[in-house]
Structures are given as structure tokens and as C-alpha cells.
Amino acid sequence: MTDKKYVEDLIDQDDDFDQWYVDVIRKAELADDSPVRGCKVVRPYGWAIWENVQKALDWRIKEAGVENAAFPLFIPQSMLAQEADHIEGFAPEVAWVTRGGGKDLEEPWAVRPTSEAIICPMFAQWAQSYRDLPLMVNQWGNVVRWEDRPRAFLRTLEFYWQEGHTAHATLEEADARARQMLDAYRDMVETELAIPVVPGRKSEAEKFAGALHTYTIEAMMGGKHWALQSGTSHNLGDHFGKVYGIRFLDRDGERKFAFNTSWGLSHRVVGATIMVHGDDAGLKLPPRIAPIQVVIVPIWRKEGELTTVEEAVTRIVERLKPVARVKVDWRDDRTAGYKFNEWELKGVPVRLEIGPRDVAANQVVSVRRDTREKTPISIDELADRIPALLDTIQADMFEAAKRMLSEHTAVVDDYDTLAQRAADNAGWSLAHWCGDPACETKVKTETKATTRCIPFDQAEEAGSCVVCGGASSGRVIFARAY
RNA sequence: CGGGGAGUAGCGCAGCCCGGUUAGCGCGCAGCGUUCGGGACGCUGAGGUCGGAGGUUCGAAUCCUCUCUCCCCGACCA
């Protein structure tokens with residue numbers, strides 16, 4: 001290694017974490033700027049990560065009894081406008097189509113910012129009796145929200161997500177469903193992305209426009225230790241049932257309005273994965289969602305060596321293909337060292353180096369991306385050792401992320417400390433809050449930290465609000481957020 | 001939408017203040033040769049509407065006006 005600067009080099013995370021994020025996305029070929037302001041192109045390598053997330057979440061959604069479906073991209077203005085809080089909350093972010101077929105539309109169509117307004121009217125048609133409930137559908141798609149400050153994956157005008165929608169006979173059932181789906185998100189994000197999250201409830205100020213309650217999983221990013229809302233699930237009460245006329249005849253003979261939920265998780269979790277695990281060398285992908293889990297770098301000098309190595313690599317690939325996503329880097333116009341750096345930048349969890357010396361010893365040298373630990377592995381044992389190694393890396397990455405979360409979360413009992421922690425990017429603060437939106441606003445205005453959630457998992461504890469000193473029965477997370 | 005920074009070859013930049021002939025450099029890219037276990041080297045070569053539009057001028061990457069995009073901060077955002 002020289003101290004020469006190459007274009008592939010990244011700025012160090014500690015020097016400028018936001019710039020590191022921008023650089024690593026471009027250099028690892030996850031996404032690129034597009035000619036459309038605020039919209040990014042997701043490149044194949046980035047999309048492959050999202051596809052793995054989709055697979056991992058899709059089966060969990062189906063397991064929960066929800067079926068996939070597809071609803072229109074457009075929503076007529078009058079339909080969108082029916083739920084007052086909902087439209088008020090989304091109004092500034094909605095993109096409108098006013099022309100089509102060569103003429104002005106009689107009524108503008110919104111490009112969906114979310115699909116309650118098109119799905120609920122369909123639910124109204126499908127629900128007649130309590131026997132028709134619950135109605136549970138999910139759609140994978142894109143939505144548009146006119147954001148003014150785009151960041152790749154985290155906030156773009158158009159983004160990719162899934163949105164699930166359900167209708168229930170009782171509020172209790174709806175609430176349980178909202179909580180159940182949030183837990184599916186928690187499980188997916190923790191298990192597949194190796195990102196620990198804190199599940200909880202949003203404050204009134206932070207909840208979804210039109211929701212009774214919003215539940216969220218909050219994850220801590222690396223670098224500045226800001227929070228990222230990584231999935232939300234809403235108990236919509238009967239607000240949408242009432243305005244969209246989702247009525248059913250209950251078993252007691254009464255005609256009632258249905259209770260709804262909606263829940264979404266977007267490709268911003270790809271951004272979370274980048275920020276939680278990445279380091280100065282680039283991405284560090286959790287094996288379970290890494291598009292390439294094992295990259296094999298053959299090493300040879302002369303023709304004869306190439307033949308020998310080739311033969312061994314063929315055997316290795318045969319053994320690994322059934323148990324891992326493998327790629328062999330046969331490029332002969334790159335040195336081995338170059339390839340090492342490039343695949344580390346791209347975050348491939350395991351690299352196998354194999355040269356003539358290894359072939360002679362019937363082994364490969366395996367190198368972990370997360371620790372750079374090098375271990376020789378007998379070719380005969382690869383089919384057993386590699387899956388085990390991937391599991392170990394996945395587990396270790398999760399543990400490392402949990403450590404970061406706990407090391408940068410502090411119980412805080414006074415306002416000055418809270419403000420100082422926010423100013424220092426020290427991490428999350430668990431503090432008492434009386435529940436008054438005015439206190440929440442004061443913190444936000446003065447420190448830029450917002451309430452991220454009221455964690456489900458906490459002991460009852462009497463205390464006094466860090467802002468006004470008023471009575472509080474539990475703590476909330478205050479943190480700066482992306 | 002407000003404040004700041006930046007757009008010159010695929011990437012990173014110099015040139016601009018003080019206009020002047022063929023617009024440079026490093027990396028990358030193509031060909032050939034030597035190399036190859038942590039970002040190799042030599043030779044030859046290709047590659048540019050200087051973000052875009054308009055203006056000033058004999059002459060504009062350079063000066064003026066407008067505009068687009070990206071990055072950061074703020075406001076706003078479930």
C-alpha cells in the first residue's frame with residue numbers, strides 16, 4: 001500500500017460522515033444521480049440488496065396472513081381529500097397530474113404518496129359482513145412525495161416500498177395487527193439486516209397524518225449516531241372507515257365502521273444498512289442480504305499456475321454454489337490487491353483467496369470483511385465451514401451494532417445534558433417527558449432533537465419532564481434524525 | 001423554499017480574479033509488453049458542446065444576466 005490517493009478512496013467517516021455516505025453509494029455502485037431532480041437511479045448492486053430485503057419481508061407478510069395485490073398509481077383529488085388530517089398532512093408533498101390524453105383532466109390526479117385513499121374505497125366495496133373481515137392486502141410499489149432535501153435511499157421524491165392495509169371489525173384487533181406487523185419489521189430488520197431497533201409509539205406530533213397511533217422501529221446510524229425511522233405501522237382507528245364508508249353488518253346485527261391499519265417499510269433500510277455497518281474501507285453487508293456472499297479471488301502468475309488454480313476454483317464453486325451466493329473474480333487485468341480493496345468497498349462478507357500455494361495445500365485463505373481475520377480452510381470442509389462463517393459474521397455484525405446502540409444511548413435527567421448530547425452528536429437520550437407537545441417543540445427548536453418513540457419495552461418509572469418538570473410515567477427517546 | 005459550496009474528459013482537479021491562437025494534469029479507459037499473495041510498471045493512443053441559454057467583445061472556460069443540477073446547513077417533512 002502506498003499513501004497515494006486513488007479515485008476509489010473514500011473520505012474517512014470521522015472526517016465527514018455525510019460525505020462518506022454519498023461517496024460510498026456512488027463508488028460501490030449502489031445508486032447514482034439521475035437527470036430528474038431529487039430522484040436517484042438505483043443501480044443493480046443496490047437493487048439486489050433491496051430485492052433480498054423484499055424476499056425476506058415478503059414471506060413474513062404472507063406468513064402473517066396478508067396477500068399481495070396492486071392498486072393504481074393515481075388517486076383522483078376528491079378521493080385523496082376525504083380524510084381531513086390525512087390530506088392536510090400530505091398536501092405539500094403530493095405531485096399532481098393535470099393533463100392526460102392530450103387534454104386537461106376534469107379533476108387532477110395525485111401520484112400516490114401512500115395508498116389509503118385508493119385502497120379504503122375498495123375495502124368499502126368488499127366489506128359487507130363481519131364475515132368478510134379482516135381484509136388484508138399488501139402491495140410492493142413506488143410512491144412519490146415531493147421532498148426538498150433528497151438523500152440517496154433515505155429521502156427521494158420517488159421511493160420503493162411495501163404498504164400493507166387491513167380492515168378489522170374491532171379497534172382491538174386492528175391495534176393488535178398494527179403491533180404484529182411492526183414486530184414483523186423488527187424481526188426482519190434485526191435478523192436479516194443485523195440492525196437492532198427500538199420499537200415504540202410515536203408522539204402525537206410525530207405520528208402519521210390521520211392515524212390514531214403510529215408505531216415505529218427506530219435504528220441508530222453510525223457516524224453521528226442519529227436515528228432513522230426504519231418502518232412504521234399505523235392503527236388508523238375508524239377515521240378512514242368513516243370517511244371512505246367501510247361498513248359491515250356485525251354479528252350483533254349492528255351496522256358498523258371498520259377499523260384500519262396500514263404499515264410500510266421502504267428501501268431506506270438499504271441506507272440504514274450502509275450507515276450502520278459501513279467503515280472507512282466502504283460497505284460491510286450482512287451476509288443474509290449481501291448480493292454476493294463469497295467472492296473468490298484466484299491468484300496466478302504463469303499459464304501453468306492458472307490451469308491449476310482454475311481446476312481448484314471449479315471444484316470450490318461446485319461445493320459452494322448450493323450453500324452460498326458466490327462470485328469468482330477472473331479478471332486478468334487487475335492485481336489481486338486491487339480486487340481485495342474493491343470487494344471490500346462493495347462489502348462482500350467473505351473473500352476466498354486461492355493461489356498455487358493453496359492449491360498445493362488443498363486449502364483456500366478466507367478473509368472476513370468485518371474483522372479482516374484470515375483463516376485457511378481446507379477445500380474439503382468449505383461446504384460446512386462457509387455457511388457457518390457467514391452465520392458467525394451475521395451474528396457478530398448484529399452484536400457490534402447492538403454495542404453501538406447501547407454505547408450511544410444514555411439515560412438523561414436534565415435538559416442541559418440532553419441539549420449538549422444533541423449538539424455533540426453523542427447519541428440518543430432517554431428522558432422523561434410529560435407528553436405536552438409544547439415541551440417536545442421546545443426541544444426540537446432548541447436542540448434539533450425530536451422524540452423518536454416511546455419505547456414499548458421499559459419499566460414504569462415516575463419522573464419529571466426534562467423540559468417543564470411536570471409529571472411523567474416513562475421515558476422517551478430524544479435524538480436527531482435523518 | 002432561505003443560506004453556503006460546487007459544476008472543465010468516466011473520476012478527482014488546475015486554469016477564471018488580470019479575456020488572446022491547438023484547454024491542461026493525475027487516475028481511469030484502449031492496444032502491446034513486462035507484472036500479479038493488499039490498490040504494479042513502461043511505451044503508444046482515444047477521449048472535451050468548459051452544466052445549459054442569452055449577452056458584452058475583433059475574440060469568452062474566463063466578464064454580465066438568466067437558468068438547471070449536485071453537496072452541506074436551515075425550514076418543512078408520518
Side-chain angles (χ1 to χ4, degrees), chain A residues 1-11 16-23 25-27 29 32-40 85-86 88-94 113-114 116 143 145-152 154-155 157 161 163 201-216 218 229-234 236 262-266 268 281-282 297-303 305-306 309 331-345 351-359 364-365 367 372 374 376 444-445 448 450-453 480-482:
Chain A
M1 285 257 266
T2 68
D3 53 5
K4 215 170 170 183
K5 279 283 178 189
Y6 290 86
V7 290
E8 290 86 355
D9 283 344
L10 301 166
I11 190 164
D16 188 341
F17 189 76
D18 295 317
Q19 192 58 47
W20 172 87
Y21 180 77
V22 171
D23 287 351
I25 283 172
R26 219 172 53 75
K27 287 171 179 164
E29 300 181 333
D32 210 345
D33 294 335
S34 78
V36 186
R37 189 195 73 82
C39 296
K40 306 284 178 179
D85 290 338
H86 189 57
E88 195 184 318
F90 278 107
E93 305 175 55
V94 174
T114 177
E116 280 77 4
V143 288
R145 296 180 191 178
W146 212 266
E147 303 286 356
D148 286 324
R149 199 171 156 190
R151 286 175 72 88
L154 303 180
R155 189 184 295 107
L157 298 213
W161 76 340
E163 51 177 320
R201 184 167 55 84
K202 284 290 190 188
S203 71
E204 287 301 297
E206 297 285 333
K207 76 180 187 186
F208 179 74
L212 185 62
H213 297 304
T214 289
Y215 304 121
T216 177
E218 297 286 322
Q229 175 178 300
S230 304
T232 49
S233 183
H234 317 290
L236 301 173
S262 66
W263 23 278
L265 181 141
S266 78
R268 84 183 329 199
V297 179
I299 296 156
W300 74 91
R301 301 175 198 212
K302 302 184 273 286
E303 275 301 307
E305 290 180 345
L306 174 59
V309 171
R331 288 176 297 176
D332 60 2
D333 56 343
R334 299 286 174 197
T335 62
Y338 182 94
K339 294 177 182 178
F340 297 166
N341 286 291
E342 181 171 284
W343 291 113
E344 284 180 7
L345 171 69
R351 175 173 81 243
L352 298 182
E353 306 174 9
I354 176 158
R357 298 205 296 266
D358 301 299
V359 177
V364 299
V365 175
V367 186
R372 281 211 178 79
K374 292 193 181 189
K444 182 175 177 177
T445 308
K448 293 168 195 158
T450 52
T451 64
R452 300 321 303 155
C453 73
R480 293 197 62 171
Y482 283 99

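Predicted model, so just to flag it, every value in this text is computed and none were measured. Letters A, B, ... are given to chains in the order of the sequence lines, protein chains preceding strands, and every chain is numbered from 1.
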Counting Watson-Crick and G-U wobble pairs only, both distances under 3.5 Å, name the nucleotide matched with [N], or none.
N	result
B/G42	B/C32
B/G12	B/C25
B/G20	B/C58
B/G7	B/C68

Rounding to a whole Å, what distance do you find between [X]:[atom1] and [N]:[atom2]?
X	N	atom1	atom2	value
A/D33	B/U69	CG	P	12 Å
A/D332	B/A30	CG	C1'	14 Å
A/R155	B/C71	CZ	P	12 Å
A/L157	B/C77	CG	P	17 Å
A/E342	B/A40	CD	P	12 Å
A/I354	B/C36	CD1	C1'	16 Å

A/S262 side chain reached by A/E116 side chain, heavy atoms, under 4.5 Å: yes

Got a sec, which residues hit side-chain hydrogen bond (donor to acceptor under 3.5 Å, both in side chains) with A/S203, two or more places apart in sequence or on another chain? A/E440, A/T451

Under a 4.0 Å threshold between the charged nitrogen and the carboxylate oxygen, would A/R351 count as salt-bridged to A/E353? yes

For B/G74 and B/G38, measure between their P atoms and round to the nearest Å. 44 Å

B/C29 to B/C11 separation - P atoms, rounded to the nearest Å: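 Roughly 14 Å separates the two P atoms.
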
Minimum-distance nucleotide (side-chain atoms of [X] versus [options]):
X	options	value
A/R151	B/C71, B/G38, B/C72	B/C72
A/R334	B/G38, B/G12, B/C29	B/C29
A/R26	B/C77, B/G37, B/G12	B/G12
A/R37	B/C72, B/G37, B/C70	B/C70
A/V22	B/C77, B/G39, B/C71	B/C71
A/D148	B/C72, B/G37, B/C1	B/C1
A/N341	B/G37, B/G39, B/C70	B/G39
A/E93	B/G39, B/C77, B/G74	B/C77

Could you tell me whether the side chain of A/S34 and the main chain of A/C39 form a donor-acceptor pair under 3.5 Å?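 Checking the backbone N and O of A/C39 against the side chain of A/S34, a donor-acceptor pair under 3.5 Å is found.
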
No-H, no-angle donor-acceptor pair, A/R351 side chain to B/G38 base, under 3.5 Å: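 Yes.
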
Donor/acceptor link under 3.5 angstrom from A/K374 side chain onto base of B/G38: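 Side chain to base: pair found, below 3.5 Å.
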
Hey, is the side chain of [X] poking within less than 4.0 Å of OP1 or OP2 on [N], counting only N and O atoms?
X	N	value
A/K448	B/G74	yes
A/K27	B/G39	no
A/T335	B/A40	yes

Using a heavy-atom cut-off of 4.0 Å across all strands, would you classify A/P356 as base, sugar-phosphate, or nothing? base

Taken in chain and number order and not counting sequence neighbours, the residues that satisfy side chain to side chain contact (heavy atoms under 4.5 Å, CB included) with A/Q19 are A/I11, A/D16, A/V22, A/D23

Derivation and outcome, side chain to side chain contact (heavy atoms under 4.5 Å, CB included), residues A/R452 and A/K202: CA-CA 7 Å; A/R452 300 321 303 155; A/K202 284 290 190 188; 3.2 Å; yes

